[in-house]
Amino acid sequence: MINKLADIERKWQERWYDVGINEAEPDNRPKFMIIFAYPGVTGYLHVGHLRGYTYVDAIARYMRMNGYNVLFPVGTHATGNGAISLARRIKARDRATLDYMFANGCLESEIKNLEDPINVVNFFNDVYVNQYWKRFGFLADWRRFTCTIYPDYQKFIQWQFRKLKAKGLLIQKPYYAPACIECGPVAVDPSETDLQKGGRAEIIEYTLLKFRCENLFLVAATLRPETVFGQTNFWVNPDVEYVKVKNNDEIWVISRPSFEKMKYQKEGLEIIDTIAGKELVGKKCIAPMIHKEIIVLPATFCDPSVGTGLVMSVPSDAPDDWIALKELQENETMLSKYNLDPAEIRKIKPIPIIDIDGWGPLPAVEIVEKMGIERSSDTRLEEAKKIVYRDGFHKGKMNSNCGKYAGMPVQKAKELMRDEMISTGEAELFYDLSEEVICRCGKPVVIKKVPDQWFIDYGNKALTEASKRHAKTMHILPPEYYINIQNVLDWFRERACVRQGNWLGTRFPFDEKWIIEAISDSTLYPIYYLVSKYVNEGSLKTEQLTEEFFDYVFLDCGDPESIAKKIGVDLELLKRIREDVEYWYPLDINLGGKEHMTVHFPAFLMNHVGILQEKYWPRGIFVNWYITGKLGKISKSKGGAEPIPGAAERFGVDTMRLYYAHIASPFADVEWDEEALENYKNRIDRIIKTIDELRSLNGMEEFRHIDRWMLSRLNSRIRAVREGMKDFDLRQLANEVYFEMINDIRWYLRRGGNNKKLINRVLDVWIRMMAPITPHIAEELWENLGKECFVSTSNFPNVIEEEIRFDVEEAEEFLKSIVSDINEILNVTGMIPNHIRLYTSPKWKMQVFSTALDLAKRKELTIPGLTKIVMKDQLLKTYGKEASDFARKTAEVLLKCSNDELRRFEAQFDEFDFLNEAAQFLRNEFACEISVYSADDPKAPDPQNKAKLAIPRRPAIYVE
RNA sequence: GCAGGGGUAGCCAAGCCUGGCCAACGGCGCAAGGCUUAGGACCUUGUCCCGAAGGGGUCCGUGCGUUCAAAUCGCACCCCCUGCACCA
């Protein structure tokens with residue numbers, strides 16, 4: 001069976017690709033262009049990646065079957081150091097890496113070749129296309145394949161950057177970024193691709209405050225520059241040897257470790273001497289901003305590896321400072337050891353500076369008391385600090401001790417005060433990592449100043465506004481992201497777009513020492529698929545991809561004749577590419593994983609808006625969530641999931657496609673679960689068996705109630721699918737086609753359905769509806785029906801509204817409810833039935849019921865109103881209290897009904913005739929005699945007097 | 001910290017926008033019966049609690065509230081998860 005599946009898959013893939021139904025050229029149909037965000041070439045992909053890719057192929061197939069000319073191109077993203085780092089590990093014959101390669105099917109003989117990063121890229125390009133995408137039957141236009149390190153692609157990226165510059169969207173300024181002291185720039189992120197340790201570290205911005213002390217500057221590093229108004233003294237660790245550092249004309253005192261980091265951020269720093277901490281104790285220095293003289297005091301909590309190892313003291317808001325001050329004030333030995341005047345020291349009092357809701361004037365003092373912290377060695381000080389800092393930052397306001405900053409929220413004051421001190425020369429910035437970070441090479445990672453870094457200015461107001469406005473017109477899924485992308489675009493700011501170091505990518509056109517960074521060269525690229533085909537087929541050469549060329553084909557600028565002549569390209573070809581762009585662009589859907597929400601998608605959108613004409617701005621974004629492993633996220637580099645070809649072999653491609661489409665909403669993570677795959681495999685088997693069963697029936701000509709029902713359901717299903725697919729809801733499609741349909745067919749067969757024409761119709765529609773998700777099996781079944789074209793290029797079924805028969809479906813529901821009522825009676829009583837008698841509602845009750853229904857429809861139904869009408873009726877009156885009771889009950893029920901429910905009751909069918917027709921079915925179901933009577937029939941046997949319970953839609957039941 | 005997502009029966013997972021066919025789609029698991037040489041698959045029925053007559057009770061993280069009516073709307077709380085920029 002497994003082999004048979006694989007054979008079917010291969011057979012149809014060959015036929016599709018032979019005929020080229022996957023290849024797209026402009027014609028007179030409406031177009032639909034869709035891509036998935038191309039994967040980074042950093043190793044083998046896993047079953048999780050196929051989720052999104054499968055959505056794209058299924059959507060593309062659906063649109064193709066709906067008359068669209070569909071373009072679905074693919075490519076890969078090789079920029080960065082993924083391939084470099086893999087090649088390096090292979091070269092080192094790293095055991096784990098080799099195991100990983102072999103486990104995924106790499107041959108021993110390839111290994112030598114993969115020592116070169118470029119070969120790694122080419123190797124994986126082949127794996128992705130042939131082992132994954134073609135293996136999954138994607139109808140992608142392979143001719144357009146491109147990769148970010150192809151020379152033609154790079155010409156395109158250089159053009160893109162020229163355009164960004166021309167639009168004023170490239171800016172240059174200093175930047176502070178993590179870099180290994182040996183290898184250059186590295187990425188600090190939890191995946192630790194570049195690192196040995198410290199992936200969780202964050203970049204911290206310290207404000208360096210300069211305290212003049214004789215001819216020196218004591219330099220404290222702080223995270224809270226807004227607290228300078230609360231300074232009471234200065235802290236130095238008496239046991240630490242500090243260094244004197246020449247910084248331009250100034251001599252700074254800082255710790256040695258901080259110098260080691262700072263030298264990467266400030267030019268020309270130089271150690272000229274050392275100075276012991278204890279030498280500084282007791283000296284006076286001038287505090288920045290407040291220009292007050294304060295005293296230098298000893299404190300052991302000053303850690304030379306944190307900040308500069310020197311600390312300004314704000315005991316009102318810093319628990320450390322408060323405890324240290326208190327300890328010193330109470331410690332005679334210490335005071336005398338350092339020759340400090342106890343009276344002067346004890347005079348020092350915290351100065352309240354920030355008002356925080358829910359706190360007194362001195363939050364540090366308060367929290368220390370509340371937590372019962374006594375010593376500066378208490379580890380809970382860290383927590384205390386966090387609490388005060390958090391509340392202060394979010395809820396605090398500067399108080400009247402803070403000069404012109406009084407009344408200002410802390411968040412705002414912090415920035416303004418920092419900037420003011422920087423501009424007066426009293427402060428500078430210093431960046432550090434929150435924890436130790438070690439490069440893969442073993443050397444430390446520091447924050448390094450890049451003085452001339454280039455940025456793309458995504459903070460540009462006009463660009464942001466235009467992008468936000470445009471995003472509102474886009475089809476963005478899920479709907480939550482449609483809303484959220486507005487915030488993301490606001491929050492998106494200038495982004496470093498080039499880097500130096502060991503890195504694959506495109507040279508920055510304005511300065512060759514830079515390489516364009518990985519996010520920045522993968523934003524506008526969908527449009528490049530319209531050119532890559534011509535390069536791949538050889539009719540365009542890389543050197544012909546000049547600025548004028550792209551200006552013309554993408555921007556419609558310039559004169560084609562002179563450009564054609566100048567670059568030596570056939571004029572017709574040039575015009576044709578221009579027409580291709582005009583036809584295919586804009587992109588209709590860009591689908592990508594949720595990691596793209598705050599990075600790739602906004603950049604993708606803003607580059608389109610920034611560079612292209614409005615008519616080429618993208619039309620849609622689709623975000624999909626992940627397949628996770630049992631232990632969390634499946635990782636490309638760390639493995640943990642079944643290799644794709646193995647899974648395809650075991651379960652079958654269509655099974656996997658159905659799994660992706662149906663297992664959950666695309667907007668939720670799903671755990672990879674082989675048992676679920678087995679179940680989907682069974683599901684497909686079952687469908688094949690059901691189809692065999694249908695085809696083996698000796699169909700008849702007569703068209704009966706149940707055939708009418710089946711036809712109606714069939715159309716209802718098509719309608720539900722089409723409704724769902726307006727939002728590309730593949731799960732809805734899968735649910736209707738692979739689950740609900742089969743349930744309908746089961747019921748149809750159970751009811752004895754067997755109409756030849758109808759069965760053919762059902763098969764025709766059903767199989768076509770399978771084509772987007774399980775195309776191989778759909779083709780095979782389609783061929784078995786004797787069809788000659790591809791199901792993949794047939795039309796997706798349309799709803800025929802007249803065939804939807806609400807009354808017929810309703811009658812069938814009526815029957816199902818009787819079956820379920822009888823089952824319930826049998827279950828509760830434990831009886832084995834010999835004879836079941838059904839009594840349909842008497843006429844007079846139907847009359848009351850339909851009167852009530854009319855009133856309810858007009859929203860005029862009331863209990864007394866209905867009763868009055870009933871009791872006025874000559875005939876009904878004769879039923880006396882029974883009639884008024886029934887009127888009341890009916891009114892009560894109908895008053896609670898929604899409009900949909902009322903609509904159901906309106907469906908007209910003759911219950912008595914219908915049940916008589918269905919009696920044979922019920923006889924089979926319950927293996928006993930079934931009799932149907934009208935409750936009006938005085939001759940009907942009714943030993944337990946049940947018939948009086950009969951009401952419309954609810955026949956009385958008597959089991960014996 | 002910034003910005004988001006989510007808590008639904010034994011499990012997975014729809015529904016929530018647009019309140020009422022919701023004891024809550026569907027699937028898995030489990031149980032009984034059928035089919036089958038057997039297993040798997042398949043078919044039927046059941047699977048919150050009570051019930052020897054189709055009924056009743058309770059239920060969608062917790063607590064309030066709006067409404068004739070709340071899984072669905074509002075407020076508050078608790079708990080989980082995700083992304084966050086030179087990583088793609």
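The figures that follow rest on heavy atoms only: side chains count, while hydrogens, waters and symmetry mates do not. We name chains A, B, ... by the order of the sequence lines, and we start the count at 1 in each one.
Taking atom C1' in both B:C42 and B:G4, one finds a spacing of 45 Å when rounded to whole Å. Separation of the P atoms belonging to B:C80 and B:C22 is 34 Å when rounded to the nearest angstrom. Nucleotides B:U58 and B:G7, compared at atom P, are 25 Å apart to the nearest Å. One C1' atom belongs to B:A23, the other to B:C49, and the distance between them is 12 Å to the nearest Å. To the nearest whole angstrom, the two C1' atoms, one in B:C48 and one in B:A71, are 16 Å apart.
Residue-level contact check: A:V186 touches the backbone only, with heavy atoms under 4.0 Å from sugar-phosphate atoms and none from bases. Residue contacts for A:N735: at a heavy-atom cut-off of 4.0 Å it reaches a base atom on one of the strands shown. Among the heavy atoms of the strands, none lies under 4.0 Å from A:S520. A:E740 comes within 4.0 angstrom of sugar-phosphate atoms only, judged by non-hydrogen atoms across all strands, and of no base. Heavy atoms of A:Y958 sit under 4.0 angstrom from at least one base atom. Across all strands, A:G830 comes closer than 4.0 Å to no nucleic acid atom at all (heavy-atom distances). Using a 4.0 Å heavy-atom cutoff across all strands shown, A:E813 reaches no nucleic acid atom at all. Nucleic acid contact class of A:F393 (heavy atoms, under 4.0 Å, all strands): none. Within the nucleic acid shown, A:A518 comes within 4.0 Å of sugar-phosphate atoms alone, with no base atom in reach, counting heavy atoms only. Residue A:E480 is classed as a sugar-phosphate contact, given heavy-atom separations below 4.0 Å to backbone atoms only.
The stretch residues 948-956 of chain A touches RNA chain B through A:L949, A:R954, A:P955, A:A956, each having a heavy atom under 4.0 angstrom from the strand.
In the set B:A3, B:G51, B:A85, B:G51 carries the atom at the smallest distance from any side-chain atom of A:E824. Among B:A88, B:A85, B:A52, the nucleotide with an atom closest to any side-chain atom of A:H77 is B:A88. For A:K594, taking side-chain heavy atoms from C-beta onward, the closest of the listed nucleotides B:U82, B:G4, B:G83 is B:U82.
Every residue two or more places apart in sequence or in another chain was checked for a ring pair (Phe, Tyr, Trp, His ring centres under 6.0 Å) with A:Y482, and none qualifies. Partners of A:F921 according to the ring pair (Phe, Tyr, Trp, His ring centres under 6.0 Å) rule, which considers only residues two or more places apart in sequence or in another chain, are A:W747. Residues passing the ring pair (Phe, Tyr, Trp, His ring centres under 6.0 Å) test with A:F814 are A:F909, sequence neighbours excluded. Residues passing the side chain to side chain contact (heavy atoms under 4.5 Å, CB included) test with A:A734, sequence neighbours excluded: A:L658, A:A661, A:H662, A:Y738, A:I773. For A:H835, there are no ring pair (Phe, Tyr, Trp, His ring centres under 6.0 Å) partners at least two apart in sequence or on another chain. Applying the side chain to side chain contact (heavy atoms under 4.5 Å, CB included) rule to A:D744 yields the partners A:W709, A:M710, A:R713, A:R717; only residues at least two apart in sequence or on another chain are considered. Residues that satisfy the side chain to side chain contact (heavy atoms under 4.5 Å, CB included) test with A:I515, not counting sequence neighbours, are A:W503, A:R507.
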I'd like a list of close polar pairs between nucleotides 7-13 of chain B and the protein, N/O only, cut-off under 3.5 Å.
unit_1: B:A13; atom_1: O2'; unit_2: A:R731; atom_2: NH2; d: 3.2

Produce the list of close N/O pairs, under 3.5 Å, pairing protein atoms with atoms of nucleotides 66-72 of chain B; give distances to one decimal.
none

List, with names and distances, any nitrogen or oxygen atoms from the protein found under 3.5 Å away from nitrogen or oxygen atoms belonging to nucleotides 40-45 of chain B.
unit_1: B:A41; atom_1: O2'; unit_2: A:K689; atom_2: NZ; d: 3.2
unit_1: B:C42; atom_1: OP1; unit_2: A:R686; atom_2: NH1; d: 3.2
unit_1: B:C43; atom_1: OP1; unit_2: A:R686; atom_2: NE; d: 3.0
unit_1: B:C43; atom_1: OP1; unit_2: A:R686; atom_2: NH2; d: 3.4
unit_1: B:U44; atom_1: O3'; unit_2: A:R750; atom_2: NH2; d: 3.4
unit_1: B:U45; atom_1: OP1; unit_2: A:R750; atom_2: NH1; d: 3.4
unit_1: B:U45; atom_1: OP1; unit_2: A:R750; atom_2: NH2; d: 3.3

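In this structure, A:K946 atom NZ and B:G54 atom C1' are separated by 9 Å, rounded to whole Å. Distance CE (A:M831) to C1' (B:A53): 9 Å, rounded to an integer number of Å. The nearest whole Å value for the distance from the CD atom in A:E415 to the C1' atom in B:G1 is 13 Å. Straight-line distance from the CH2 atom of A:W625 to the P atom of B:G4: 13 Å, rounded to whole Å. Nucleotide B:A88 holds its P atom 10 Å from the CD1 atom of A:I84, rounded to whole Å. Taking atom CD1 of residue A:I825 and atom P of nucleotide B:A53, one finds them 9 Å apart after rounding to whole Å. The nearest whole Å value for the distance from the CG atom in A:L838 to the C1' atom in B:G54 is 12 Å. Between A:F667 atom CZ and B:G83 atom C1' there is a gap of 17 Å when expressed in whole angstrom units.
With hydrogens and angles left out, the side-chain atoms of A:N899 and A:K859 include a donor and acceptor closer than 3.5 Å. A donor atom on one side chain and an acceptor atom on the other are not found under 3.5 Å apart for A:R686 and A:T690. Using modelled atom types and a 3.5 Å distance limit, the side chains of A:H596 and A:N590 yield no donor-acceptor pair. No side-chain N or O of A:T628 forms a donor-acceptor pair with one of A:D669 less than 3.5 Å apart. Side-chain atoms of A:Q160 and A:T523 form a donor-acceptor pair, as typed in the model, at a separation below 3.5 Å. Side-chain contact check for A:Y53 and A:N624: no donor-acceptor pair (N or O, by modelled atom type) lies under 3.5 Å. A:E911 and A:S841 are not linked by any side-chain donor-acceptor pair at a separation below 3.5 angstrom, with hydrogens and angles left out of the test. Looking only at atom types and distance, the side chain of A:T76 has a donor-acceptor partner in the side chain of A:N125 under 3.5 Å away.
For the residue pair A:A891 and A:I863, the shortest heavy atom distance occurs at CB-CG1, 3.8 Å.
For the pair A:D942 (side chain) and A:K946 (backbone), a donor-acceptor distance under 3.5 Å is present.
Of the two residues near RNA chain B, A:F739 and A:A177, the one whose nearest nucleotide lies more 5' is A:F739. In terms of position along RNA chain B, the nucleotide closest to A:P666 lies nearer the 5' end than the nucleotide closest to the other residue of the pair A:P666 and A:E901.
Between A:N487 and B:G4, a side-chain N or O to OP1/OP2 separation shorter than 4.0 Å is present.
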Take A:F667 and A:F622 through the test ring-ring contact (aromatic ring centres under 6.0 Å, His included) and record every step on the way to the result.
CA-CA 10 Å; A:F667 318 124; A:F622 189 119; 5.5 Å; yes

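Residue ring and nucleobase are stacked for A:F492 and B:A85, with a centre distance beneath 5.5 angstrom and an angle between planes beneath 30°.
Ring centroids of A:Y626 and A:W672 are separated by 6.0 Å or more, keeping the two rings apart.
Secondary-structure stems of RNA chain B, taken as three or more successive Watson-Crick or G-U wobble pairs (i with j, i+1 with j-1) under a 3.5 Å distance threshold, comprise B:1-7 with B:78-84, B:10-12 with B:26-28, B:29-34 with B:42-47, B:48-50 with B:55-57, B:61-65 with B:73-77.
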